[in-house]
Amino acid sequence: MSENDILKDCHLTQRFKASRSVHDFMHHGEPLTVNTKAEETMKQMINYQKTGITMKLAEISIASAALAVALALTGWSSTAAAEEPIKVGLVLPFKGVYANLAENFASGWDIALDQYNGEIAGRKIKVFREDTEANPNVAVQRATKLMNAENVDVLAGVVSSGVGVALGQFANQQKVPIVLGMAIADVITGKNCGPYVIRTSFSAHSLTSGFGRYLANSYKTASTLGPDYAAGHAMIGGFNAGFRGDGGEIKGEHWSAFKQTKDWGPILGKIQSEKPDAVYSFYAGSESVQVVKQYANFGLKDSIPLYGDHWLYDESLWDAMGDAAVGGRFVTTNALDVDNEANHLFIKAFKKKYGKTPDINAYLGYENALPLFKAIEALGGDVTDSAKLVKTMRGLEFDAPRGRYTFNNDNNAVLDKVYVIEIVRDGDKLKPKLIDSIAGGSDLSGCNM
Amino acid sequence: MDFFILNILNAMQLSMLIFILAIGLTLIFGLMDTLNLAHGGFYTIGAYAGSQLAINGSFWLAFLVSPLVAGIAGAILQRFALQPLASKGRSTHLDFALFTFGLLFVIMGGAEIIFGSAYLSIDAPAILKGGFAISGVTFPYYRVFVIFLGLTCGGVLWLLIDRTVLGAVVRAGVADRETVCTLGIDINRVFVVVFALGCAFAGLAGVVSAPIFGIYSHMGASILVVTLIVVVVGGLGSFKGSFWASIIVGTFETMAQAYAPDVQLYGLYILLALILAVKPEGLFAIQRRIA
């Protein structure tokens, strides 16, 4: 790109911005105190637009530069910024299978928004909710719509890994920042990483490899059980790496056909004949209910403990699992019992607003919004430079409900600690009990940024 | 060997569950020539009705009443939607398939609105908790119950079709609908009864599978494919075909999972393609007079 081209680009952008401000001003029709020079320049520009006279490039740049200077002098530009909200596209699977999860995630998001009173560095935060239908194609369409129709500054949310991979690539192409709040596929901040993608949750590998290492301290052998698709392989693969890495032996890896298998009887029979010391399993939703219940029905629960994560033993599934869930132990990034001020604060605010305790998805939603807001704050509300926003976020270090919160160089949140929870009976209800806090695992390498 | 016996039992359990589900679809298709794609919806209705009844009552109350609820819903659908549709001339397979397929999504959406997207379950009755051991491997009693229930349903339906007046009318209707009408039988009434019965079986499958599979709003869509495979493989409308096709599908699924997990995902479809290539009309095609 020659210097001339760059200048041209620069001028065009300025012109666009200036005319947009003028347009906004006209549109809102609010009284403004601007000095006559600025007013004149604006009138001139509107006139040009109305009459359709095309100005030469140089003239545009002079006019817009004059306008910019004039506006800066009167302080009008900061007033304009105050009126222009920061637009965030919150893309989540609001309908269908993940509706419940998405709703809880958004509740957590709203708590963070409340803490800032919906305004950061003098700019309002305007959230546009968009349904991804947990479908990568749909998600990209909706993200495109958010960019074109609503002119969003940043995208956030995202539950499914498939959507995360697609939107991550979309963000890098479109140079729009995306702050992923779940989407745990390793590749997103691994092979596919880029300067516009940042993940506030964690990678599959970092959650389960730490847990595998931890269980290798107590058990010599284990078998694993998971759905035969990308997320299943990422989660189970992480566990196996951790468990083997610390001297454990994996007796059998069992895979079920994703969304097809309903009866785990044959696999459970095989596990019983393998006689491992423990079983680790990853599933989500209806498959979690089926696996945990059938595991108990086959009498395995009493002889071989079934370990999982906060998806296998998802709190919202406990009612459906009933007794089968009691005594189940799982690894998670957040827990109610974690004793730090940020956690207490969040739980209190959540209880006050929703009358219940937050589940993992609410935590992840809150911790999705928090770093974004802190980065916007650090930038004084200026989010025009997308890469800078992501870079600023990466440099953050603060206390969150999960503990000390930092990012690594791949733009992925680091799991300083993860928590081991046991499901215990409390009268008629089940409740989570924190039994251990352990070091989190590391990401799979592969990012070349 | 023990592992193999365990798998035979598992295969029987899954087969019988699929059979209870498929039998209603077969019944309706056999007599009425209507492919009721909302079948999964009645399965859903049965399961949710069961979950509500089981909260205050017991599994057995849910077991008895849920099929009635699904059956009544089915009767209403046939009497007030499908029959008027047919009498207005919209009675092709495509008309009914589209209408009932849409209805399936209405029921799924309705379940989500009323009960939310949370997962529910029904506890197996106390008497069926636990299991018996086959050399260190426990086989749950509830699964034994499912096997017996499937066989019982097959037996009862066989008696009903083969030994009762209703059965005779149904069989006659399958063979030659016009002649049945000329004999002074109100075929529309028979249709309502048969449709209700078919939906009641779907409801029964919903409540019986709840302790094993759980209850969720989109449960009806997830079983539709396997049910359709059974009905197609068995021969559209054939009871005997449904029974054997259920056993083939259930056994294939179980054995694939046990001995060749890699073929699980697509194996069933290859089997379907092979059977249809050799016998395009299914294993036990019914003779339907072409008018």
Side-chain angles (χ1 to χ4, degrees), chain A residues 93-104 227-229 252-275 284-294 296-303 314-325, chain B residues 2-4 6-7 9-11 13-14 17-18 51 108-109 112 116-124 129-131 133-143 209-219 222-223 225-226 250 253-259 261-268:
Chain A
F94 282 109
K95 292 202 181 70
V97 187
Y98 298 116
N100 201 23
L101 194 160
E103 210 43 64
N104 286 334
D228 196 0
Y229 77 109
E253 281 181 44
H254 303 284
W255 302 102
S256 64
F258 180 45
K259 285 186 176 169
Q260 188 181 318
T261 301
K262 301 249 178 305
D263 183 15
W264 273 263
I267 293 180
L268 297 177
K270 273 199 260 186
I271 289 177
Q272 233 163 358
S273 58
E274 284 166 8
K275 298 196 169 42
S286 59
E287 295 191 319
S288 291
V289 178
Q290 288 158 10
V291 167
V292 170
K293 285 196 84 158
Q294 292 180 25
N297 288 340
F298 272 86
L300 269 87
K301 191 181 156 220
D302 305 321
S303 50
D314 186 336
E315 214 174 314
S316 67
L317 306 174
W318 291 358
D319 279 345
M321 291 172 178
D323 284 342
Chain B
D2 281 335
F3 182 54
F4 183 70
L6 179 78
N7 284 329
L9 287 171
N10 278 322
Q13 184 260 167
L14 189 61
L17 215 47
I18 294 173
S51 76
M108 280 167 22
E112 203 169 304
S117 54
Y119 294 85
L120 305 173
S121 187
I122 300 175
D123 260 354
K129 282 198 174 139
I134 317 172
S135 78
V137 178
T138 312
F139 192 76
Y141 291 132
Y142 189 77
R143 292 185 170 225
S209 67
I212 304 173
F213 297 162
I215 301 169
Y216 44 101
S217 56
H218 51 286
M219 62 189 288
S222 65
I223 52 87
V225 175
V226 73
E253 283 270 290
T254 305
M255 294 304 168
Q257 199 187 95
Y259 299 104
D262 290 341
V263 302
Q264 250 195 108
L265 197 60
Y266 53 87
L268 197 57

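Just so we're on the same page: letters track the sequence lines, and every chain starts at 1.
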Peer 1: If I measure from the heavy atoms of chain A, does T254(B) come under 4.5 Å with its side chain, its backbone, both, or neither?
Peer 2: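 Both parts, backbone and side chain.
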Peer 1: Do NZ/NE/NH1/NH2 and the carboxylate oxygens of R143(B) and D263(A) come within less than 4.0 Å?
Peer 2: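 Counted as a salt bridge, because a side-chain N and a carboxylate O are separated by less than 4.0 Å.
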Peer 1: Say you draw a straight line from CG of D319(A) to OG of S51(B); how long is it, rounded to the nearest 0.5 Å?
Peer 2: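 If we round to the nearest 0.5 Å, D319(A):CG and S51(B):OG are 11.5 Å apart.
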Peer 1: I'd like to know which of N7(B), T138(B), V226(B), D262(B) tops the heavy-atom pair count under 4.5 Å against chain A.
Peer 2: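 Heavy-atom pairs under 4.5 Å are most numerous for T138(B).
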Peer 1: Heavy-atom pairs under 4.5 Å with chain B - which of P266(A), G265(A), A320(A) has more of them than the others?
Peer 2: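 Looking at each option in turn, the highest pair count goes to P266(A).
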Peer 1: With respect to chain B, which residue among T261(A), D323(A), V291(A) yields the maximal number of heavy-atom pairs within a distance under 4.5 Å?
Peer 2: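 Ranked by heavy-atom pairs under 4.5 Å with chain B, first place is T261(A).
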Peer 1: Would you kindly say whether K259(A) and S222(B) are connected by a side-chain donor-acceptor distance under 3.5 Å?
Peer 2: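 S222(B) and K259(A) do not have a side-chain donor-acceptor pair below 3.5 Å.
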Peer 1: Among E103(A), Q260(A), M321(A), K95(A), which residue forms the greatest number of heavy-atom pairs with chain B at distances under 4.5 Å?
Peer 2: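 Ranked by heavy-atom pairs under 4.5 Å with chain B, first place is Q260(A).
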Peer 1: Examine whether an atom of I267(A) lies under 4.5 Å from a heavy atom of chain B, and if so say whether it belongs to the side chain, the backbone or both; otherwise answer neither.
Peer 2: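 Both backbone and side chain.
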Peer 1: Among G285(A), S256(A), S316(A), which residue forms the greatest number of heavy-atom pairs with chain B at distances under 4.5 Å?
Peer 2: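 Highest number of heavy-atom pairs under 4.5 Å: G285(A).
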Peer 1: Is I212(B) close to chain A through its backbone or its side chain, or both, or neither, when contacts mean heavy atoms under 4.5 Å?
Peer 2: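 Its backbone and side chain both get close to chain A.
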Peer 1: Of all residues at least two apart in sequence or in a different chain, which pass the ring-ring contact (aromatic ring centres under 6.0 Å, His included) check with F258(A)?
Peer 2: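 For F258(A) the ring-ring contact (aromatic ring centres under 6.0 Å, His included) partners, ignoring immediate neighbours, are Y229(A).
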Peer 1: Does any backbone or side-chain atom of K262(A) lie under 4.5 Å from a heavy atom of chain B? Answer side chain, backbone, both or neither.
Peer 2: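 Contact with chain B: backbone and side chain both.
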Peer 1: Just to verify, what does D314(A) make a salt bridge (charged side-chain N to carboxylate O under 4.0 Å, His left out) with, not counting sequence neighbours?
Peer 2: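 With neighbours one apart ignored, the set is empty.
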Peer 1: What part of F213(B) gets within 4.5 angstrom of chain A, counting heavy atoms only: side chain, backbone, both, or neither?
Peer 2: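 Contact with chain A is through both the backbone and side chain of F213(B).
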Peer 1: So which part of I122(B) gets closer than 4.5 Å to some heavy atom of chain A, the side chain, the backbone, both or neither?
Peer 2: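 Contact with chain A involves the backbone of I122(B) alone.
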Peer 1: Using the six-membered ring wherever Trp is involved, compare the ring planes of Y216(B) and Y119(B) and label them parallel, tilted or perpendicular (cut-offs 30° and 60°).
Peer 2: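 The rings of Y216(B) and Y119(B) sit tilted, inter-plane angle from 30° to 60°.
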